[in-house]
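In what follows, a single structure is set out as structure tokens and then discussed.
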Amino acid sequence: MSVFDLKKGESGKITKISARGAVAARLGSVGIQCGQIVTALAFSLFNSSILVGVGYSRVALRRAVAQLIEVSPQ
């Protein structure tokens with residue numbers, strides 16, 4: 001299950017990040033790493049992006065990037 005598959009308000013523990021290069025570096029710099037708990041806070045109007053909470057940070061992710069982050073339900 002990816003981050004994008006979470007419902008609004010649902011949380012999951014990050015198990016795998018399939019991103020590479022600059023995308024992986026950006027995710028790591030905002031705290032999106034394996035073992036962290038991520039919460040789906042909101043979706044854009046046409047479900048093209050998702051707002052997630054990780055720790056004390058809020059991060060907006062495009063659908064393509066969010067689908068690279070695998071989570072296990074919390």
Side-chain angles (χ1 to χ4, degrees):
M1 150 185 263
S2 73
V3 169
F4 203 79
D5 296 327
L6 293 173
K7 292 179 177 46
K8 184 177 176 181
E10 209 172 31
S11 296
K13 185 175 184 177
I14 299 174
T15 57
K16 181 181 176 185
I17 299 174
S18 299
R20 301 280 180 246
V23 175
R26 176 180 173 252
L27 293 175
S29 71
V30 294
I32 297 178
Q33 301 170 348
C34 289
Q36 294 291 322
I37 303 296
V38 63
T39 304
L41 301 174
F43 289 88
S44 65
L45 184 59
F46 296 108
N47 283 339
S48 61
S49 61
I50 181 173
L51 179 67
V52 297
V54 179
Y56 293 106
S57 299
R58 288 182 172 193
V59 182
L61 301 171
R62 290 184 208 150
R63 177 190 293 227
V65 174
Q67 290 175 332
L68 297 175
I69 304 168
E70 294 182 24
V71 295
S72 61
Q74 198 61 18

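Side chains included, hydrogens not; waters and symmetry mates left out as well; all remaining heavy atoms used. Residues: numbered from 1 along the sequence shown.
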[X] [atom1] to [Y] [atom2] distance, which is reported to the nearest 0.5 Å:
X	Y	atom1	atom2	result
R62	L68	CZ	CG	12.0 Å
Q36	C34	CD	SG	9.5 Å
I37	Q74	CD1	CD	3.5 Å

State, to 0.1 Å, how close [X] and [Y] come at their nearest heavy-atom pair, and which atoms those are.
X	Y	answer
R26	A60	NH2-O, 3.5 Å
A24	A19	CB-O, 3.6 Å
L41	K8	O-CE, 3.3 Å
A40	K7	CB-O, 3.5 Å
K16	S18	CE-OG, 3.6 Å

Inset, instruction - Any chance you could pull the hydrophobic cluster mates of I69, using side-chain heavy atoms under 4.5 angstrom and chaining through other members? - result: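 Besides I69, the hydrophobic cluster comprises M1, V3, F4, L6, I14, I17, V23, L27, V30, I32, V38, F43, I50, V52, V54, V59, L61, V65, V71, listed by chain and residue number.
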
Legend entry - side-chain hydrogen bond (donor to acceptor under 3.5 Å, both in side chains) against S48, all qualifying residues, sequence neighbours excluded: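 Listed in chain order: S44.
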
